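Remember, it's a predicted structure, so these values are computed and weren't measured experimentally.
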Amino acid sequence: MNDAKKLIQQITEGIQDKKGKKIVIADLTQIDDTICNYFVICQGNSPSQVTAIVESVKDFARKGADSKPFAIDGLRNAEWVAMDYSDVLVHVFLPEAREFYNLEHLWADAKLTQIPDLD
């Protein structure tokens with residue numbers, strides 16, 4: 001398993017650990033001139049859950065993939081938090097913000113993989 005796939009697996013586990021929902025992995029590797037190779041998109045039901053998901057992702061990525069984010073933005077409002085792991089960008093949304101920005105359709109050419117919710 002390559003480093004990006006291992007990181008994505010750890011990020012996904014971190015999201016699921018805090019009951020994050022509607023996880024989508026967008027594979028951008030076949031698209032030219034993208035800012036990264038993968039998006040991991042999910043949502044939480046409240047700003048406190050979004051923050052908890054972000055903290056969990058940080059812990060799982062550090063422990064399981066020996067990786068730390070280069071930057072995290074959006075924690076102040078916790079409506080849309082972006083985590084930059086260089087080749088992988090993680091987006092944790094509140095449902096309304098996710099629907100408004102609709103990243104999955106913005107990158108319609110990407111291969112999208114939906115991860116089933118655990119409960």
Side-chain angles (χ1 to χ4, degrees):
M1 180 181 307
N2 70 28
D3 290 343
K5 298 267 190 215
K6 183 176 183 180
L7 177 58
I8 290 168
Q9 179 182 345
Q10 292 303 309
I11 289 168
T12 301
E13 288 179 22
I15 294 166
Q16 291 173 328
D17 188 61
K18 296 300 179 190
K19 309 281 190 256
K21 301 287 184 201
K22 298 186 178 178
I23 303 169
V24 174
I25 299 166
D27 182 340
L28 309 175
T29 56
Q30 302 302 313
I31 302 173
D32 292 333
D33 299 325
T34 58
I35 57 174
C36 64
N37 289 329
Y38 298 93
F39 276 178
V40 180
I41 305 164
C42 71
Q43 68 190 48
N45 291 320
S46 67
S48 58
Q49 186 183 18
V50 167
T51 301
I53 290 168
V54 169
E55 291 302 317
S56 181
V57 166
K58 279 176 28 183
D59 289 344
F60 273 76
R62 183 176 41 80
K63 292 176 185 168
D66 195 29
S67 188
K68 294 180 182 178
F70 291 99
I72 299 175
D73 194 26
L75 277 173
R76 180 180 290 195
N77 294 332
E79 293 177 10
W80 173 11
V81 178
M83 305 176 74
D84 181 357
Y85 284 93
S86 186
D87 285 343
V88 180
L89 287 180
V90 182
H91 301 274
V92 186
F93 285 100
L94 287 178
E96 307 81 39
R98 183 176 186 173
E99 188 175 322
F100 180 80
Y101 290 105
N102 204 359
L103 290 185
E104 293 93 331
H105 290 91
L106 182 65
W107 295 97
D109 295 344
K111 178 182 175 228
L112 301 179
T113 303
Q114 297 188 8
I115 307 296
D117 293 342
L118 288 183
D119 55 353

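Evaluation of the side chain to side chain donor-acceptor pair (under 3.5 Å) rule for W80 yields H91 as partners, not counting sequence neighbours. In this structure D73 satisfies the side chain to side chain donor-acceptor pair (under 3.5 Å) test with no other residue, sequence neighbours excluded. D84 is linked by a salt bridge (Lys or Arg N to Asp or Glu O under 4.0 Å) to nothing, counting only residues two or more places apart in sequence or in another chain. By the side chain to side chain donor-acceptor pair (under 3.5 Å) test, S46 pairs with S48, sequence neighbours left out. Partners of Q10 according to the side chain to side chain donor-acceptor pair (under 3.5 Å) rule, which considers only residues two or more places apart in sequence or in another chain, do not exist here.
Other residues, nucleotides and ligands contribute over 12 non-hydrogen atoms within 6.0 Å of the CD atom of E13. Around the CG atom of D117, the shell of radius 6.0 Å holds more than 12 heavy atoms that belong to other residues, nucleotides or ligands.
A distance of 10.0 Å separates OG1 in T12 from CG in L118, rounded to the nearest 0.5 Å. Taken to the nearest 0.5 Å, the CG atom of L106 stands 12.0 Å off from the OH atom of Y101. For the atom pair CD (Q30) and OG1 (T34), the distance works out to 10.0 Å, reported to the nearest 0.5 Å. The line from CG of D87 to SG of C36 is 7.5 Å long, rounded to the nearest 0.5 Å. Note that CZ of F60 and CD of E55 are 13.0 Å apart. Values are rounded to the nearest 0.5 Å.
Side-chain contact between N45 and P95 is present, with heavy atoms from C-beta onward closer than 4.5 Å. The closest side-chain heavy-atom distance from N102 to W107 is not below 4.5 Å. Two residues are said to be in side-chain contact when any heavy atoms from C-beta on lie closer than 4.5 Å; I8 and Y38 meet this criterion. The closest side-chain heavy-atom distance from V88 to F39 is not below 4.5 Å. Two residues are said to be in side-chain contact when any heavy atoms from C-beta on lie closer than 4.5 Å; V40 and I15 meet this criterion. Under the 4.5 Å side-chain criterion, counting only non-hydrogen atoms from C-beta, T51 is in contact with L75. Residues Q43 and V92 are not in side-chain contact: their nearest non-hydrogen atoms beyond the backbone lie 4.5 Å or more apart. Contact of the S67 side chain with the L7 side chain is registered, since non-hydrogen atoms from C-beta on lie closer than 4.5 Å.
For K6 against G64, the heavy-atom pair with the smallest separation is CE-O, 2.9 Å. Pairing each heavy atom of P47 with each of L94, the nearest pair is N-CD2, 3.7 Å. Between I53 and C42 the shortest heavy-atom distance is CG2-SG, 4.2 Å.
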Listing, residues 18-28 side-chain donor-acceptor contacts under 3.5 Å, not counting sequence neighbours, or none:
unit_1: K21; atom_1: NZ; unit_2: D119; atom_2: OD1; d: 2.1
unit_1: K21; atom_1: NZ; unit_2: D119; atom_2: OD2; d: 3.3
unit_1: D27; atom_1: OD1; unit_2: T29; atom_2: N; d: 2.9
unit_1: D27; atom_1: OD1; unit_2: T29; atom_2: OG1; d: 2.5

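Neither F70 nor V54 shares a network with the other; the hydrophobic side chains, linked directly or stepwise wherever heavy atoms of I, L, V, M, F, W or Y lie under 4.5 Å apart, form separate groups for each. Linking Ile, Leu, Val, Met, Phe, Trp and Tyr whenever their side-chain heavy atoms come within less than 4.5 Å leaves I35 and Y85 in two separate clusters.
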**Request:** Let me see the working for R98 and I41 under side chain to side chain contact (heavy atoms under 4.5 Å, CB included), right down to the final yes or no.
**Result:** CA-CA 9 Å; R98 183 176 186 173; I41 305 164; 3.6 Å; yes
**Worked verdict on F93 versus L103 for side chain to side chain contact (heavy atoms under 4.5 Å, CB included)** = CA-CA 11 Å; F93 285 100; L103 290 185; 3.7 Å; yes
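Salt bridge present: D59 and R62 bring a charged side-chain N and a carboxylate O closer than 4.0 Å.
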